[in-house]
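Each remark here refers to the structure printed beneath this line.
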Number of protein chains: 10
Amino acid sequence: MTKDEMRAAILEAKAEKQMTWEQIAREVGCSPVFVTSACLGENSMTDEQAGKLTGTLGLGKEVAQALMRCPVRARQGEALMTDPVIYRAFKEVGMVYGETFKELVHEKFGDGIMSAIDFTMDVEKVEDPKGDRVKIVMNGKFLPYKRW
Amino acid sequence: MTKDEMRAAILEAKAEKQMTWEQIAREVGCSPVFVTSACLGENSMTDEQAGKLTGTLGLGKEVAQALMRCPVRARQGEALMTDPVIYRAFKEVGMVYGETFKELVHEKFGDGIMSAIDFTMDVEKVEDPKGDRVKIVMNGKFLPYKRW
Amino acid sequence: MTKDEMRAAILEAKAEKQMTWEQIAREVGCSPVFVTSACLGENSMTDEQAGKLTGTLGLGKEVAQALMRCPVRARQGEALMTDPVIYRAFKEVGMVYGETFKELVHEKFGDGIMSAIDFTMDVEKVEDPKGDRVKIVMNGKFLPYKRW
Amino acid sequence: MTKDEMRAAILEAKAEKQMTWEQIAREVGCSPVFVTSACLGENSMTDEQAGKLTGTLGLGKEVAQALMRCPVRARQGEALMTDPVIYRAFKEVGMVYGETFKELVHEKFGDGIMSAIDFTMDVEKVEDPKGDRVKIVMNGKFLPYKRW
Amino acid sequence: MTKDEMRAAILEAKAEKQMTWEQIAREVGCSPVFVTSACLGENSMTDEQAGKLTGTLGLGKEVAQALMRCPVRARQGEALMTDPVIYRAFKEVGMVYGETFKELVHEKFGDGIMSAIDFTMDVEKVEDPKGDRVKIVMNGKFLPYKRW
Amino acid sequence: MTKDEMRAAILEAKAEKQMTWEQIAREVGCSPVFVTSACLGENSMTDEQAGKLTGTLGLGKEVAQALMRCPVRARQGEALMTDPVIYRAFKEVGMVYGETFKELVHEKFGDGIMSAIDFTMDVEKVEDPKGDRVKIVMNGKFLPYKRW
Amino acid sequence: MTKDEMRAAILEAKAEKQMTWEQIAREVGCSPVFVTSACLGENSMTDEQAGKLTGTLGLGKEVAQALMRCPVRARQGEALMTDPVIYRAFKEVGMVYGETFKELVHEKFGDGIMSAIDFTMDVEKVEDPKGDRVKIVMNGKFLPYKRW
Amino acid sequence: MTKDEMRAAILEAKAEKQMTWEQIAREVGCSPVFVTSACLGENSMTDEQAGKLTGTLGLGKEVAQALMRCPVRARQGEALMTDPVIYRAFKEVGMVYGETFKELVHEKFGDGIMSAIDFTMDVEKVEDPKGDRVKIVMNGKFLPYKRW
Amino acid sequence: MTKDEMRAAILEAKAEKQMTWEQIAREVGCSPVFVTSACLGENSMTDEQAGKLTGTLGLGKEVAQALMRCPVRARQGEALMTDPVIYRAFKEVGMVYGETFKELVHEKFGDGIMSAIDFTMDVEKVEDPKGDRVKIVMNGKFLPYKRW
Amino acid sequence: MTKDEMRAAILEAKAEKQMTWEQIAREVGCSPVFVTSACLGENSMTDEQAGKLTGTLGLGKEVAQALMRCPVRARQGEALMTDPVIYRAFKEVGMVYGETFKELVHEKFGDGIMSAIDFTMDVEKVEDPKGDRVKIVMNGKFLPYKRW
């Protein structure tokens with residue numbers, strides 16, 4: 001079973017069971033961002049996580065195995081970047097604030113980067129009378145450049 | 001005075017006074033991300049903010065006027081995206097988690113986007129015995145798509 | 001049912017019933033631009049709108065559900081920009097008058113943008129003895145850049 | 001005098017006289033969009049218009065001659081399309097609503113296009129208690145495809 | 001019936017009847033360039049033209065209807081530009097003589113363009129003892145830029 | 001003297017003498033398209049042609065020598081293709097009619113191409129009460145593909 | 001039968017008969033480079049050549065007809081240029097020695113080009129004790145630029 | 001002295017002395033293609049070759065040193081590929097005959113490539129009553145892929 | 001059997017037999033990098049190697065023949081470069097250290113390159129209490145540029 | 001002093017002192033790859049390293065300060081990838097062996113990547129009677145993907 005077939009099977013089961021990603025995450029015992037990304041084919045799960053997920057959604061063993069396999073990440077490259085939801089948060093914010101981010105990382109930590117591997121991300125809804133707000137929290141280990 | 005000349009003048013004065021962006025932000029009374037982005041030429045300041053900033057750094061009126069002018073944002077386009085600091089946080093995270101972000105925004109809010117205009121961003125250092133961590137918080141107003 | 005299948009089903013029913021987008025819009029109770037974009041897969045409808053549309057065209061429940069789903073917008077990216085109708089109105093006008101538009105928005109409103117989300121668009125025919133004219137009206141909320 | 005030098009001279013004089021594009025347009029007797037685009041180097045003026053403009057801003061004959069010369073239009077190509085003001089109104093709206101626009105032009109007029117040459121554009125501020133709005137009106141002659 | 005299916009049906013019938021585009025054009029009563037482009041899916045025909053064409057080639061009503069539909073033009077974008085026949089005549093000639101063409105149009109007509117819509121094109125064989133020659137004649141209405 | 005310096009010198013002298021390309025072509029004894037392209041740096045002249053041209057415009061020997069040198073053609077690549085005058089006549093016509101042109105060349109001549117080297121081009125003004133027209137005539141030797 | 005189907009049929013028959021391109025070329029009576037390129041779909045054959053080729057390989061009439069049809073050349077564009085065999089000989093050699101080639105063609109022949117149409121190419125094996133060598137010979141008619 | 005300055009100095013001296021690349025090559029004792037490419041900045045010379053070349057052209061020691069330095073090859077990337085002389089011989093021939101070349105190399109030699117490093121190239125003029133011809137001979141060592 | 005079908009057959013058999021690439025390499029008697037690349041379709045095997053591999057995995061003769069055929073290498077071009085594993089090791093390291101590598105090759109060897117054909121690569125796991133490390137060893141023959 | 005000025009100063013001093021990167025590395029007490037990359041502007045040095053380097057080369061304090069500043073890495077993006085030395089080792093090897101590398105990293109380590117930050121690289125000369133060889137050793141920490 002390919003990652004694409006796995007993804008289709010999960011999205012279909014999720015729609016039939018009318019579960020949200022939040023609910024699925026609670027069942028699996030991990031964060032909604034992580035669960036969603038693994039189901040879409042951009043992360044891999046442990047044996048236990050894959051078992052809980054397929055149990056919750058009533059899916060078979062091949063789905064669990066596909067979830068555990070290492071994915072080809074960023075498979076769609078730049079193609080999804082034209083969707084306004086994704087464009088704003090990553091491409092535009094990156095072009096407008098990327099250099100600023102670099103300045104502040106170097107000021108606070110020295111020469112190095114924020115890991116995108118030892119990394120977590122959360123997406124929250126902040127209620128606000130003037131209009132609710134989307135909050136993204138990214139948290140990655142600082143990795144200093146080695147001098148050898 | 002162009003935005004490029006303004007930027008050069010501020011970076012020079014900042015180096016001479018040996019001030020950090022954090023210190024400058026405190027003097028101006030706003031966030032380090034905002035101050036840095038305005039000084040790099042990607043945001044505009046109010047009259048008052050520009051006055052405080054040039055006062056703090058001992059810079060002239062033309063710098064203040066340049067800071068208040070509306071910038072051409074994202075002036076460098078994709079060119080800075082090859083730097084590893086910027087690549088990881090925006091381009092790679094966007095390609096790996098962009099579709100996940102879209103799923104969760106729609107699940108929590110319905111059809112719409114996170115604004116990149118009514119938007120704030122913060123960069124923090126989270127101390128951790130296993131290695132300090134970089135934390136980015138983005139916070140943007142949810143804008144629902146109009147149906148007319 | 002995918003958005004592509006939904007689109008094909010609607011275009012087929014529309015051709016069979018020989019209805020125009022204007023007529024369909026009147027039945028649904030919304031603007032022709034909005035109805036067309038939702039049927040082509042670039043906007044989502046409310047429960048009520050989707051019900052009226054499928055009722056008018058004699059289509060089933062899966063079409064209504066597909067219409068209500070959040071779309072991946074701008075799915076074709078730059079590919080359709082070579083068609084002369086689309087090239088002229090958006091790509092060429094954007095390249096020739098984009099900087100002018102930016103100047104005038106900043107002169108009239110200050111530092112900010114015209115929303116493409118809280119946004120409406122209309123296309124009208126203006127009869128003229130020297131040759132009829134196409135009139136596009138775009139209307140988007142002004143969003144000022146936040147300073148924080 | 002090149003178009004670039006002309007543009008710089010006009011922007012400098014405009015800043016010194018503290019005139020808006022609206023005021024300049026009134027003096028020249030034409031629309032703000034047209035005047036701005038000609039001054040930025042994307043349109044050419046008649047002898048009379050160029051004379052009024054340079055008279056109003058106290059500029060010399062070479063500026064008037066440069067204004068009358070046929071420009072290389074769209075000189076910056078796609079480069080300015082990353083600025084959020086320009087991106088939203090032309091690139092994103094074109095990708096999201098371009099196919100819709102094409103459908104409606106063909107429904108109302110038959111096989112042809114909206115001219116971008118026999119074309120006018122206006123940008124207006126619409127006051128609104130829920131937040132002011134930017135209104136763009138484009139008006140171009142319909143040109144039917146010749147069959148020969 | 002899509003434009004692609006229409007195109008395939010016409011090319012098959014043309015091969016079976018062993019007719020040239022010149023012969024088909026004579027039957028339909030229009031120019032060979034126009035007929036060919038409509039059959040390849042880049043132009044639309046009138047009711048009468050489509051009827052004659054399908055009559056001549058013994059094709060059905062759906063082909064006629066597909067011929068009358070407004071096409072998505074330039075559907076293959078730059079992809080065919082690598083074929084040497086097309087590369088020479090349009091891409092290379094455009095890069096070598098494009099600026100020259102612009103100079104002469106402005107010298108003879110003022111600020112404006114040659115329409116590609118109110119436009120005809122012919123391709124002829126000019127016999128020559130030193131080697132036959134290909135002659136392309138393009139003829140498009142001059143459209144002056146509006147000043148408003 | 002580089003081709004760029006040569007070009008600037010010729011355009012300056014042409015403006016001072018207020019001569020058109022048509023007039024210059026008559027003096028040199030060749031076609032306006034050829035003269036213009038050589039002066040813009042896209043073709044080379046014979047000794048005699050270069051002498052007549054520099055004589056007519058009162059320019060020195062280095063200009064003549066630069067005119068005789070083999071140019072790097074198509075130096076601006078695709079960059080000028082965004083100008084509407086050049087876009088319409090070459091890029092858009094090439095994308096819409098390129099495949100049609102290929103069909104007709106093969107029908108009339110067999111497998112081969114129209115030369116862009118043994119090639120002439122003319123640009124004419126065709127007066128027309130419904131609006132003057134631009135006529136482009138391209139004439140290139142047919143080159144059959146060798147089979148060896 | 002499309003060129004792709006023709007190509008597949010020939011490659012299959014060639015493998016079954018265990019013939020080399022050299023052997024096939026000898027049977028057809030033309031050069032190996034020409035035969036190979038025609039079979040891959042990048043050149044067209046005469047009636048006689050196509051007959052001999054299909055005779056040799058025991059293929060039917062539709063294959064012969066497909067071989068005689070004018071191909072869309074360079075169909076794969078730049079896609080094959082990443083294969084090291086093709087990259088070295090054409091893309092890298094072109095980037096490293098292209099300007100040198102241009103200098104020497106102009107020195108020996110004046111302003112013009114080497115035809116890629118009235119053109120032959122041969123590939124030979126040159127035995128050498130220090131390691132065998134690949135020899136490519138290209139031979140194209142010099143075409144002088146017309147001045148008109 | 002940079003490679004660009006070296007190149008300019010050599011081209012100027014060559015023009016003053018009115019020497020051809022063939023003559024220079026004879027003085028240096030190597031092939032015209034090699035000499036030209038080294039002078040244009042795409043190859044490096046031995047001490048002896050550089051000495052002879054600067055001696056012949058009356059140039060100083062810094063030119064010799066620059067000639068001996070390892071160059072950044074292919075410095076202009078794809079930019080020169082639009083010039084028709086270079087386009088035909090490398091880009092178009094590569095796209096049309098690249099796959100053919102690969103077939104024949106593998107047929108004659110097995111799995112490997114033609115080196116572009118242990119490589120020579122010659123450009124010759126072949127006189128022909130039907131029009132002179134350009135002959136390019138490339139000769140590169142066959143390198144078999146290692147299996148380890 | 002195409003290389004794609006061969007690849008799929010091998011990956012399926014490998015999964016069923018639960019063998020690692022290391023184990024397969026040991027059976028075939030060659031390096032894991034070489035075996036993996038041949039099975040993925042980027043290298044070709046000898047008769048003997050292909051026989052051992054298909055014997056080990058219980059696959060048929062067509063798989064062996066496909067393994068022996070010369071592949072189109074780099075078939076996916078830049079597409080896989082977005083995956084973080086591949087991006088880091090080749091694209092980013094190449095952009096950050098490429099110029100450094102060039103400096104050191106020239107310092108140690110003179111003007112030439114490291115072959116990617118007479119080339120081996122190994123990937124090893126280096127255990128380390130602070131975190132295991134990935135070690136890549138590339139070893140390619142130095143090829144000096146020929147001067148002729 | 002910018003990184004570009006720093007680089008130029010170091011390369012000039014290095015040439016004058018006729019030191020190799022190996023010798024400089026020994027003086028500074030670190031690896032040749034690291035020293036070279038820092039001097040070219042792609043890494044930053046500690047205070048001590050920068051002091052030793054400028055001491056060895058007789059350069060001033062501003063050079064040391066520039067060496068200590070965090071660089072914009074990968075500043076030239078893909079531009080240098082056309083040079084054959086860099087192309088072979090990173091772009092071609094990455095396209096041919098990238099997927100293989102990914103397979104083996106996952107087989108040996110699980111889901112994660114090789115760090116390009118906690119990373120060292122060495123370039124060595126391996127003498128060999130059949131021709132010396134270039135050996136590259138890359139060594140990066142394995143970073144497992146976090147599941148959260």
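Fair warning: this is a prediction, and the values are worked out from it, not measured in the lab. Just so it is clear: chains get the letters A, B, ... in the order the sequence lines come, proteins before strands, and each one is counted from 1.
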Query raised in the report: If you count heavy-atom pairs under 4.5 Å between each of I:K130, I:R88, I:K91, I:K125 and chain J, which one has the most?
Result: I:K125
Query raised in the report: Given the options I:V126, I:V105, I:D128, I:V93, which has more heavy-atom pairs under 4.5 Å with chain J than any of the others?
Result: I:V93
Query raised in the report: Heavy-atom distance under 4.5 Å to chain I: side chain of J:N43, backbone, both or neither?
Result: side chain
Requested in this report: Between chain J and each of I:D118, I:V35, I:T120, count heavy-atom pairs under 4.5 Å; write down the option with the most.
Outcome: I:D118
Query - I:E124 versus chain J, the contacting section by heavy-atom distance below 4.5 Å - result: backbone
Query raised in the report: Are the side chain of J:E107 and the backbone of I:E22 linked by a donor-acceptor contact shorter than 3.5 Å?
Result: yes
Report task. Heavy-atom distances under 4.5 Å only: say whether J:D83 touches chain I with side chain, backbone, both or neither. Result -> side chain
Query raised in the report: Is the backbone N or O of J:G41 less than 3.5 Å from a side-chain atom of J:R7, with the two atoms forming a donor-acceptor pair by type?
Result: no
Requested in this report: Give the C-alpha distance, both sets of side-chain angles, the deciding distance and a yes or no for side-chain contact (heavy atoms from CB on, under 4.5 Å) between J:M81 and J:E78.
Outcome: CA-CA 5 Å; J:M81 289 292 151; J:E78 295 267 327; 4.1 Å; yes
Requested in this report: Give the member of I:I86, I:V96, I:L104, I:V134 that has the highest number of heavy-atom pairs under 4.5 Å with chain J.
Outcome: I:V134
Query raised in the report: Do you know which of J:S115, J:P71, J:G77 has the most heavy-atom pairs with chain I at a distance under 4.5 angstrom?
Result: J:G77
Query raised in the report: Ion pair present between I:D132 and J:K141, side-chain N to carboxylate O less than 4.0 angstrom?
Result: no
Query raised in the report: side-chain contact (heavy atoms from CB on, under 4.5 Å) between I:T56 and I:M19: does it pass, once the steps are laid out?
Result: CA-CA 10 Å; I:T56 299; I:M19 293 183 76; 3.6 Å; yes
**Report entry** Under 3.5 Å: donor-acceptor pair, side chain of J:K135, backbone of I:V137
**Finding:** no
Report summary line: Turns out that what part of I:Y145 lies under 4.5 Å from chain J's heavy atoms comes down to side chain
Report task. Start with the C-alpha distance between I:S44 and I:R69, add both sets of side-chain angles, then the distance that settles side-chain contact (heavy atoms from CB on, under 4.5 Å), and finish with yes or no. Result -> CA-CA 6 Å; I:S44 65; I:R69 217 180 306 129; over 6 Å; no
Report task. Using non-hydrogen atoms and a 4.5 Å limit, figure out which bit of I:L143 sits close to chain J: side chain, backbone, both or neither. Result -> neither
Query raised in the report: Contact part of J:E99 toward chain I, heavy-atom cut-off under 4.5 Å: side chain, backbone, both or neither?
Result: both
Report task. Ignoring hydrogens and angles, tell me if any N or O in the side chain of J:E5 forms a donor-acceptor pair with the backbone of J:T2 under 3.5 Å. Result -> yes
**Report entry** Charged N-O contact under 4.0 Å between I:E92 and J:R73
**Finding:** no
Requested in this report: With a 4.5 Å cut-off on heavy-atom pairs, point out which of J:S37, J:P32, J:A79, J:A116 contacts chain I the most.
Outcome: J:S37
Requested in this report: Please flag which part of J:M121 lies under 4.5 Å from any non-hydrogen atom of chain I: side chain, backbone, both or neither.
Outcome: side chain
Report summary line: Ranking J:G140, J:A74, J:G98, J:P84 by heavy-atom pairs under 4.5 Å to chain I gives rank one to J:G140
Query raised in the report: Given a strict heavy-atom distance threshold of 4.5 Å, which part of J:F119 is in contact with chain I: side chain, backbone, both, or neither?
Result: both
**Report entry** J:F101 ring center within less than 6.0 Å of I:F90 ring center
**Finding:** yes
